[in-house]
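Throughout, a chain's letter reflects where its sequence line sits, starting with A, and its residues are numbered from 1.
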Amino acid sequence: MILRTEIADILRDPEIGAEITVMGWVRAFRSNRFIALNDGSGAQNFQVVVPDKYQEDPALEPVFRKIGFHACIKATGKLVESQGAGQTVELQADTIEILGENKLDVYPLQPKKQTMEFLRENAHFRMRTATFSSVFRIRHAVAYAIHKYYNDRGFYYMHSPIITGSDAEGAGEMFRVTTLDVNNPPRTPDGAVNWKEDFFGKSTNLTVSGQLQGEIAALAIGKVYTFGPTFRAENSNTSRHLAEFWMIEPEVAFFDIENNMNLAEDFVKFLINHVLDNYPDDLQLLDQRIKDEEKSLPQDKRRPMGLIEMLRFVVENDFARVSYTEAVNILRSSNHFKKGKFEFEPVWGSDLQAEHERFLVEKEFKRPVIVRNYPKSIKAFYMRENEPGTDGAPELTVAAMDVLFPYIGEVIGGSQREERHERLVARIHEMGIPEEELWWYLQLRQFGGAPHAGFGLGFERMVQFITGMGNIRDVIPFPRTPKNAEF
RNA sequence: GCCUCAAUAGCUCAGCUGGUUAGAGCGGCGGACUGUUAAUCCGUAGGUCCAAGGUUCAAGUCCUUGUUGAGGCGCCA
């Protein structure tokens with residue numbers, strides 16, 4: 001059995017004079033004497049002092065030569081107070097053992113700043129860097145906090161299917177799932193691919209959302225949430241989109257749009273607080289990373305607040321809440337618009353452009369913003385129709401809501417669902433969706449339906465916001481994007 | 001999908017209006033160094049200039065197409 005002490009435990013409660021064994025990867029080896037060791041248990045490195053005998057004794061010299069960047073070592077010795085300035089304690093090693101040699105002449109990474117693009121191409125090694133170990137520790141923390149939040153409030157974790165037979169979810173292009181031979185699929189007499197011969201006896205896809213199935217559960221056990229992978233075959237080339245991402249979708253019976261907004265705000269703040277309270281070292285490191293990176297930028301291109309300062313600001317202040325109609329009025333009466341600074345004119349009936357959302361969040365309210373009650377014409381079929389004239393809107397609206405964040409834009413999209421059977425049927429027909437695809441969804445409204453609401457939170461976008469990473473591909477271990485499925 | 005930009009050593013980049021043998025820093029390798037914090041100092045090796053065509057006496061440099069990457073937009077979470 002392997003016995004070792006984790007670095008985080010040593011640093012949390014150092015027992016001077018104790019005999020300990022540590023194992024980890026060398027982050028730096030300086031002066032042929034000082035190893036900065038990290039075992040992943042925390043953001044801070046631990047200094048191991050290599051005794052002189054490893055250089056002087058010919059029997060030990062081969063070990064000495066293998067101590068290098070990202071080599072894996074085991075060190076045993078006595079924990080002492082450090083004489084150097086950078087750390088309070090260190091290991092005065094007695095024996096050093098190489099667990100995994102690193103062939104530095106061909107190893108791609110270097111102990112220096114490297115570009116995110118390069119590290120992405122080396123995703124099998126990038127987690128060994130300070131930045132990525134912090135990012136992925138925080139990713140874990142957010143995932144844990146999601147389950148804790150809902151469990152503590154009586155929600156049930158619901159597993160929605162990853163393979164779906166419904167293509168009426170309406171959230172985007174889908175990836176097909178098939179076992180048919182793509183070069184020679186079975187055909188019907190008229191020449192079309194015969195999906196009846198496919199594995200499931202019908203055409204199937206990877207899910208784009210667990211919402212519809214979430215509604216089934218909410219209308220039986222009340223408060224549920226899903227948290228799983230989601231797939232969109234959109235050719236989206238941005239720093240905020242992935243083809244495979246994780247989504248959290250709470251769905252709650254006896255909830256209206258107001259309940260929904262309150263839940264969304266409280267939930268998101270809980271996640272941020274959890275990380276602030278439990279991962280200060282990782283946040284500190286990421287905060288510093290951004291400050292260093294921004295040193296070369298002009299003042300007006302830098303973030304107005306540091307990362308930690310911004311996270312605190314978000315949890316300590318109420319989110320701004322406006323109706324879509326108000327939002328359009330605000331945009332149209334802004335000096336920004338009057339001076340012609342918007343590329344797209346804000347008009348009632350068109351979706352808000354990214355520049356409009358940024359204006360509301362960064363200039364007008366300077367905090368997260370929840371926009372509600374969007375035009376019916378631009379939103380999904382399942383959203384509940386509002387009474388005519390709600391918020392003074394010129395046309396019909398639906399009880400939809402988007403939560404907009406600085407830097408990353410839309411982090412949550414949700415709605416109160418249309419629970420009135422006849423309206424839902426009418427809407428489905430209006431949008432040309434085949435009714436038989438949604439037979440079960442419609443039956444929920446005929447047999448003991450209830451008012452209910454829910455939303456989807458983009459997990460990676462949340463992690464992106466909390467870590468301050470500029471590209472969503474750097475907060476998921478193995479990003480799936482157009483033209484890229486390496487690792 | 002659209003627009004813009006980029007691709008030169010392991011990495012980050014320089015390489016002028018086309019002109020001899022392709023440049024630096026970092027990293028690697030070899031050496032020095034008894035308290036370093038991106039350690040420092042000396043030495044050294046390292047190149048299919050993304051690919052395929054084309055223009056030209058001559059292409060890393062110009063043109064075309066493709067591939068990949070980045071930023072922005074759209075789609076959304």
Pick the P atom in B:rU64 and in B:rG25, then give their distance to the nearest Å.
36 Å
Donor-acceptor pair present, A:Gln114 side chain and B:rU12 base, under 3.5 Å
no
Which nucleotide in the set B:rC73, B:rG35, B:rU34 lies at the smallest distance from any side-chain heavy atom of A:Asp52?
B:rU34
Between the base of B:rC76 and the side chain of A:Arg461, is there a donor-acceptor distance below 3.5 Å?
yes
Identify the nucleotide, in any strand shown, that forms a Watson-Crick or G-U wobble pair with B:rG74, with both distances under 3.5 Å; if there is none, say none.
none
Salt bridge or not between A:Asp256 and A:Arg384? Use side-chain N to carboxylate O under 4.0 Å.
no
Which nucleotide, B:rU36, B:rA77, B:rC29, lies nearest any side-chain atom of A:Leu104?
B:rC29
Among B:rA39, B:rC76, B:rU12, find the nucleotide with the atom closest to the side chain of A:Arg232.
B:rC76
A:Phe344 and A:His356: ring-ring contact (aromatic ring centres under 6.0 Å, His included), yes or no, with the steps?
CA-CA 8 Å; A:Phe344 298 93; A:His356 302 149; 7.2 Å; no
Assess A:Arg303 against A:Tyr407: is NZ or CZ under 6.0 Å from the centre of the six-membered ring, and within 45 degrees of the ring's axis?
yes
Nearest-nucleotide 5' precedence on RNA chain B, A:Arg33 against A:Leu242:
A:Arg33
Looking at A:Gln55 and B:rU34, is any side-chain donor or acceptor paired with a base atom of the opposite kind under 3.5 Å?
no
Determine the contact category for A:Gln87: base if any of its heavy atoms lies under 4.0 Å from a base atom, sugar-phosphate if only primed atoms, P, OP1 or OP2 are that close, otherwise nothing.
base
When you measure from the side chain of A:Pro111, which nucleotide among B:rG27, B:rG25, B:rU34 comes out closest?
B:rG27
Could you tell me whether the phosphate oxygens of B:rG71, OP1 or OP2, come under 4.0 Å of any side-chain nitrogen or oxygen in A:Asn471?
yes
Sugar-phosphate only, base, or nothing, as touched by A:Asn235 at under 4.0 Å among non-hydrogen atoms:
base
Looking at B:rG72, I'd like to know if its phosphate oxygens (OP1 or OP2) sit under 4.0 Å from a side-chain N or O belonging to A:Arg358.
no
Counting only side-chain nitrogens and oxygens, does A:Arg120 get under 4.0 Å of the OP1 or OP2 atom of B:rU68?
no
Heavy atoms under 4.0 Å, any strand shown: does A:Arg27 hit a base, just sugar-phosphate, or nothing?
nothing
When the P atoms of B:rG15 and B:rG54 are considered, how many whole Å apart are they?
29 Å
Between the base of B:rG10 and the side chain of A:Gln110, is there any donor-acceptor pair under 3.5 Å?
yes
Do A:Arg358 and A:Glu355 meet the salt-bridge criterion of a basic N to acidic O distance under 4.0 Å?
no
Integer-rounded Å distance: B:rC26 P and A:Phe69 CZ
17 Å
Could you pick out which residue, A:Val411 or A:Gln83, lies toward the 5' side of RNA chain B when each is mapped onto its nearest nucleotide?
A:Gln83
For B:rU68, the Watson-Crick or wobble partner whose two distances fall under 3.5 Å
B:rA6
When rounded to the nearest Å, what value does the distance between P atoms of B:rA51 and B:rU68 take?
15 Å
Looking at every strand, decide which applies to A:Ile408 at a 4.0 Å heavy-atom threshold: base, sugar-phosphate, or nothing.
nothing
I'd like to check, for A:Phe245, whether its ring lies over the base of B:rA77 with centroids under 5.5 Å apart and a plane angle smaller than 30°.
yes
Within the structure shown, what part of the strands sits under 4.0 Å from A:Lys113 by heavy-atom distance: base, sugar-phosphate, or nothing?
nothing
Can you tell me which nucleotide in B:rG74, B:rG35, B:rC11 comes closest to the side chain of A:His241?
B:rG74
Ignoring hydrogens and angles, are the base of B:rG72 and the side chain of A:Glu343 linked by a donor-acceptor pair under 3.5 Å?
no
One thing to verify: whether A:Lys269 and A:Asp266 come together as a salt bridge, which I'm taking to mean a side-chain N less than 4.0 angstrom from a carboxylate O.
no
Tell me: CZ of A:Phe465 to P of B:rA77, nearest whole Å?
19 Å
When the P atoms of B:rU17 and B:rG1 are considered, how many whole Å apart are they?
35 Å
In this structure, how many angstroms lie between the P atom of B:rC76 and the CZ atom of A:Phe231, rounded?
20 Å
With both distances kept under 3.5 Å, what pairs with B:rC62, Watson-Crick or G-U wobble?
B:rG54
Which class fits the ring pair A:Phe29 and A:Phe64: parallel under 30°, tilted 30 to 60°, perpendicular over 60°?
perpendicular
Taking B:rU34, B:rC73, B:rU36 as options, the one with an atom nearest any side-chain atom of A:Ser82 is B:rU36
What integer distance in Å separates A:Asp402:CG from B:rC76:P?
10 Å
Hey, does the side chain of A:Ser236 come within less than 4.0 Å of B:rC75's phosphate (OP1/OP2), counting only N and O?
no
Value in whole Å for how far the C1' atom of B:rA77 lies from CD of A:Glu244
14 Å
I'd like to know if A:Asp94 pairs up with A:Lys53 as an ion pair, taking the criterion as any Lys NZ or Arg NE/NH1/NH2 lying under 4.0 Å from an Asp or Glu carboxylate oxygen.
yes
What distance, rounded to whole Å, do you find between the two P atoms, one in B:rC49 and one in B:rA59?
13 Å
C1' gap between B:rU34 and B:rA39, integer Å
14 Å
Select base, sugar-phosphate, or nothing to describe what A:Ala85 touches, counting heavy atoms under 4.0 Å on all strands.
base
Just to be sure I understand the rule, does A:Gly84 reach a base, reach only the sugar-phosphate, or reach nothing, if contact means heavy atoms closer than 4.0 Å?
base
Distance, rounded to the nearest Å, where A:Glu357 contributes CD and B:rG72 contributes C1':
15 Å
For A:Asn237 and B:rU68, what is the distance between atoms CG and C1' respectively, to the nearest whole Å?
12 Å
Quiz question: going by heavy-atom distance under 3.5 Å, is there a donor-acceptor pair between the base of B:rG69 and the side chain of A:Glu117?
no
Quick one: is B:rA77 close enough that its OP1 or OP2 comes under 4.0 Å of any side-chain N or O from A:Thr230?
no
Give a yes/no answer on whether the side chain of A:Arg65 brings an N or O atom under 4.0 Å of OP1 or OP2 in B:rC29.
no
Tell me the interatomic distance from A:Glu293, atom CD, to B:rA38, atom C1', rounded to whole angstroms.
16 Å
Would you say a side-chain N or O of A:Arg30 is under 4.0 Å from OP1 or OP2 of B:rU36?
no
How many angstroms lie between OH in A:Tyr225 and CZ in A:Arg153, if you round to the nearest 0.5 Å?
11.5 Å
Any strand, both distances under 3.5 Å, Watson-Crick or G-U wobble: B:rU48 pairs with none
Tell which nucleotide pairs with B:rG35, taking only Watson-Crick or G-U wobble pairs whose two distances are both under 3.5 angstrom.
none
Indicate yes or no: does A:Arg321 engage A:Glu265 in a salt bridge with an N to O separation below 4.0 Å.
yes
Is any side-chain N of the basic residue among A:Arg332 and A:Glu345 closer than 4.0 Å to the acidic one's carboxylate O?
yes
Would you indicate what A:Thr115 reaches in the nucleic acid, counting non-hydrogen atoms under 4.0 angstrom: base, sugar-phosphate, or nothing?
sugar-phosphate
Which listed nucleotide (B:rA77, B:rG69, B:rG35) is nearest to the side chain of A:Glu410?
B:rA77
Could you work out the separation of B:rU48 and B:rU44 based on their C1' atoms and round it to a whole Å?
24 Å
